[in-house]
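See below for the structure under consideration.
Within every chain, numbering begins at 1; the chains are lettered A, B, ... in the order of the sequence lines, protein sequences first and strands thereafter. No experiment lies behind these values; they were computed from the predicted model shown.
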Amino acid sequence: MKTIEVKKPSGYATQIGPAHPALKEPVMFTLDIEGERIRRVDFVPGMAHRGIEWMGMRRNCIQVMYLAERICGICGITHAISFVRAVEQIAQIQVPNRAHYIRSIVGELERIHSHLLWAGVAAHELGFDSAFYLAWRVRENVMDLLEYLTGNRVHYAIIQIGGVRRDIVPDQFPRIEESMKFFENAYAQLAAVFLDDTTVRMRCRDCGVLTTDEARELCPVGPTARASGIKKDVRIDHPYAAYADIEMEYQTPDLLTGEVRGDVYDRIVTRLLEVKQSIGIVRQLLAMLPDGPLLAIPKPAVLLAKLKGAAGEAVGRHEAPRGEVMHFVRLEAGKDEPVAWKVKASSYSNYLSWIPMMEGEQIADIPIIAASIDPCISCTDRVALVRPDSRRILTKEELHRLSVEKTRRIQAALAKRENP
Amino acid sequence: MSFPMIPELLGRLFRKPNTNPFPAAQLPPTVTGLLEKVGKGEARLNPPVPVPAKLRGKMTYNRETCIGCKLCIKVCPAHAIDFIESTKKIRIFVAQCIQCGQCTEVCPKNCLALSEEFLNASHDRYADALVVD
Amino acid sequence: MNLLSPPQIAEVLQAAAGAGFVSARCTEWAEGVKGRKSKQVWLKIARESLIPTLQRLVAIHYPHISVIACADVGAQVELMYHFHVYWGIPHEEVLVTLTVALDKADLKVPTITGIIPGALTSEREKQEMLGIEVVDIPDGRRLFLPEDFPAGVYPWRKDETGIPPDMIKDLWATGRENLKFEDNPPPPAPNPANPVNPV
Amino acid sequence: MNASLLLATIVGTLGLALFGIFAGLWFTGIDRVLAARMQARIGPPVRQPFIDLAKLLIKQNVVPANAIPWLFNGAPLLALASAITILLYVPMAALPGLPVLGLQGDLVLVMYLLLIPGLAMVAGGLASGSPYATIGAQREMVTMIAYELPLAATVIAFAWKLAQLGALHPFSLAAVAATPIWTVVGPIGFVGLLLLLATLLLVVPGELGRIPFDAPEAETEIAGGLLVEYSGRNLALFSLSLAVKTIVATALVVALFFPWNFTDFVALGGAPAFAAAANAAFFLLKLLVVLFFSVTLVRISVARFRITQVVDVYWKILGALSLVGLLLVMVDAHVR
């Protein structure tokens, strides 16, 4: 790892987070800084841990599937696809091909919406709010398309163990094609604003660098790895869903800029290239959409019975917008709920690469470097631990009473201080 | 030195903003005051963004055809459905419901369905509007 | 480079595991119209041969570690090290899972961060969630649990060191038990060990 | 100073203070609405700064535990007072009685007075004892040092030109207002003046701490930097001083580069009050145009600079630009 030897022992520690305008989710960075330069950084996640794996081991597989979908607010379908693929391998359920294609299409649409959301957040971290509004304005189109196809903007509830629950019918094709055309010329404008802008280049070039061998050792995934030249993409390496039927290329920055530097700028380039790639994939899959049933086992009650009989362990993986998401599931015969369920979100692997990126940089760069791996902290924190106070649950009235009491106490203290 | 944002910004100066001003363009002095005026017909709320056909909104429940088989309770991921022993019927808490629609598929009598009603916000989790039974 | 087939990988790793080898199996799973198969190799090995097997795997191709999964199977705690080799070559990736069973009396396992630094996050999580002691881990602090989380309680264990019932709060039931509906007596407390607001 | 002049000065100062605050808040409101419309948003109502001010005044004024109370509370007052004093020296639309202290002060004094609000914010930031505020204070000092070079070069160019034309007090603002600079230079000088105008337009965002030079209050980096510990009345005073500074900075640009008045173009026969009103309106219009091109458009079309880049831009790029402008003005004087 790139370590910085510092002559002077001066400098002081400061802290960014857990609540800070730059961080959309609670994670705490403790920084050893000297003037503006960062010498050492340490981060503490875990503030948004909700105990989803623990909850998952007390629900049957259909319920767990919707729980998995809510691990992350942005990449819901990736966790659903990964969990469902693991359970299908254990129960040996062959999913009809049309369902594979619909899963991949909605997965790619989610990649477009997630990357545009990230582009907006990154622009806001740079203080470039107009690009934030532009990116999120363009993103509305794919959100409306997803709402049109799946009935909801974020949590699509379209995945079921053994297939999908909603069909993409031919009279929806023109609406999809119209959105894809919109995104093609929107891509040109976004690429200009995010890549050719002088100030963005000044802020992002050679900032937060992750060298190729650092990237290989720390095993980051997704755009963070590809921006450092590591060719890792689950859709290409691991043949699954509809991705096994089409040819794709690893999106590394040299396709556009001709060189790989592994800095924040390259991560922007990688993500924009992926948006363009996703548009192409959606069109290809729509053209090759096979017809056939949507569900291997249409009736949920029959499905539950079959899952109760299944036993074994398997790994389900999917290329989330932020990188590889992996679910390890182990089922035992006669038990409804999974015996073991391990969720590995993409930010889980990308966390460690924060350290080499931030050391040696300025304080001003922390927000953009932290945002450059597109951390999804709610994905990575999954166990909720409530302080074990002995009292029972506080109802709303009690909470209200407590807060009123506290305000009275503060006012009394203030009054005492004003005129002792 | 290139600033590709400038033409886009200047162009926008003479076009309508992209925001849909639902319920009102600017914050009224008092929200309750505005709602009263709307009630009396003096003021009008801007409509929300039009909603696509099969939006998954608030649950609807047909009590007569329900046979109390409790399959919906078995598949509901969010414990949103309560079983009423005395009348062998169910009660759905919309505040807990995550609109996944799994119960609408498992129900043998199709007495559960997702409507397109999405304006379900309320300060009380168990307000009458948020309990379907 | 010539790619080894899953059985060949299993063979090579079995040789490297030596006495610690327990069992191996290869599985496949096809999806999509063309039916391209994805390949997995599952090995069960003893704790002592974890490092040599991993070093042999690094010789085949520098692996990408996804995560160290785990399962509490009563007398033992099983750790599943999920590696992937041949990433970067389209459609050729192979999942190699090394399963190490540790009995609950002696929950120690050597760290692999020497070979793959990226495994640190996984190892720290296993330490705090299962009570496993990863020998000479570079940074053994808690990761996801708060500092003042009670020591000795390991959330993923299913035995007595797991989450005690009184720490479980059924938030979905909050406020539901004292609802007064004309034709509906309040539902029974969902978790007898944790009486919800016995008013 | 006889009594009537003293009385006129006091009344003039009060009037200018009210004008500075009122116009400053209105211009901030217009700036926010224009920025919103350019970003395809509806944006707040134009009177939003007044609403914010009213809200701040009723909020609790928290003084942090490890702060230095007297400096923490004194800094906002100093910032507002010094911002208003600059208004006393800047000529505005040749209205009678303005500038109130026009005869005493000159450009050099205005340049120094421009630093005092910044120093007050630095003092307030360092007094509030929060690590973010300390970083913000360091950055504010560095930003002030940085934009001094191009500002000084521009002022020297004006003074040199006026001295070359034989003006008695080359630095005095009255002299600058009397001879519009564009009319006394040839083609080479014209290009030089264009460079100087561009420099001054980019110095204004630095003075006001707006993007791309808002490292001291970088919201996403150090959470409001200098003003992170301020609340209630103190924060209201600081936002007022920023509003007045907006008027001051833009009025300086107008005074130097666009000293013409409405009556110079259209001979208005009517009562002198009518002509004065027309001049005042024309002056406000000039302020708005300068505000649009130097603050509003700049702050939404670029990203925020790091503090090292702020110094690079001001010393290397704008410094060179202003020195070249100065040389061109000098060369032009010899060529004619």
Side-chain angles (χ1 to χ4, degrees), chain A residues 11-17 19-24 30-31 33-37 120-138 140 193-194 197-205 207 264 268 361-371 407 410-411 414 417, chain D residues 32 34-43 60-63 65 69 130-139 141-143 202 205 209-225 228 296-313 316-317:
Chain A
Y12 50 97
T14 183
Q15 178 183 332
I16 291 203
H20 183 275
L23 304 172
K24 299 299 163 270
T30 317
L31 310 152
I33 55 171
E34 184 212 328
E36 287 276 346
R37 197 66 56 193
V121 166
H124 175 62
E125 304 297 6
L126 289 172
F128 197 177
D129 283 346
S130 313
F132 164 72
Y133 293 119
L134 174 71
W136 279 38
R137 200 166 61 240
V138 166
E140 276 307 309
V193 164
F194 278 96
D197 186 276
T198 315
T199 48
V200 169
R201 196 173 292 195
M202 277 166 80
R203 277 301 298 277
C204 297
R205 243 330 176 200
C207 152
V264 171
I268 301 177
E361 293 298 339
Q362 289 184 23
I363 298 173
D365 299 326
I366 292 172
I368 186 60
I369 295 174
T407 330
I410 294 171
Q411 279 161 350
L414 271 177
R417 206 167 71 161
Chain D
R32 283 174 66 169
L34 281 178
R37 284 298 156 88
M38 285 200 273
Q39 293 170 338
R41 293 185 286 122
I42 291 179
Q60 185 191 6
N61 185 3
V62 175
V63 179
S130 126
Y132 288 156
T134 325
I135 297 169
Q138 291 162 4
R139 289 180 173 184
M141 283 187 270
V142 169
T143 314
L202 281 178
R210 305 299 284 244
I211 292 183
F213 306 104
D214 77 334
E217 295 114 21
E219 179 242 349
T220 50
E221 289 156 22
I222 42 176
V228 68
T296 310
L297 189 59
V298 169
R299 79 179 174 92
I300 55 172
S301 51
V302 282
R304 174 183 303 124
F305 289 154
R306 295 186 204 115
I307 191 65
T308 44
Q309 287 165 341
V310 166
V311 178
D312 288 349
V313 163
K316 293 180 186 144
I317 300 172

So, for [X] and [Y], which heavy atoms are closest and what is the spacing to 0.1 Å?
{"X": "D:Ser301", "Y": "A:Ser130", "answer": "N-OG, 4.5 Å"}
{"X": "A:Glu125", "Y": "D:Arg304", "answer": "O-NH1, 3.9 Å"}
{"X": "A:Thr199", "Y": "D:Phe305", "answer": "CG2-CE2, 3.3 Å"}

Which atoms of [X] approach chain D - backbone, side chain, both or neither, heavy atom under 4.5 Å:
{"X": "A:Asp197", "result": "side chain"}
{"X": "A:Ile366", "result": "neither"}
{"X": "A:Arg137", "result": "side chain"}

Given a strict heavy-atom distance threshold of 4.5 Å, which part of [X] is in contact with chain A: side chain, backbone, both, or neither?
{"X": "D:Gln39", "result": "both"}
{"X": "D:Ile300", "result": "both"}
{"X": "D:Val313", "result": "side chain"}

(request) Rounded to the nearest 0.5 Å, what's the gap from CD on A:Gln362 to CD1 on D:Ile135? Could you check? (result) 11.0 Å

(message) Just verifying a value: how many Å separate A:Ile368 CD1 and D:Arg306 CZ, rounded to the nearest 0.5 Å?
(response)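 It comes to 10.5 Å.
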
(request) Mark yes or no for whether D:Gln309, through its side chain, and A:Met202, through its backbone, hold a donor-acceptor pair below 3.5 Å. (result) yes

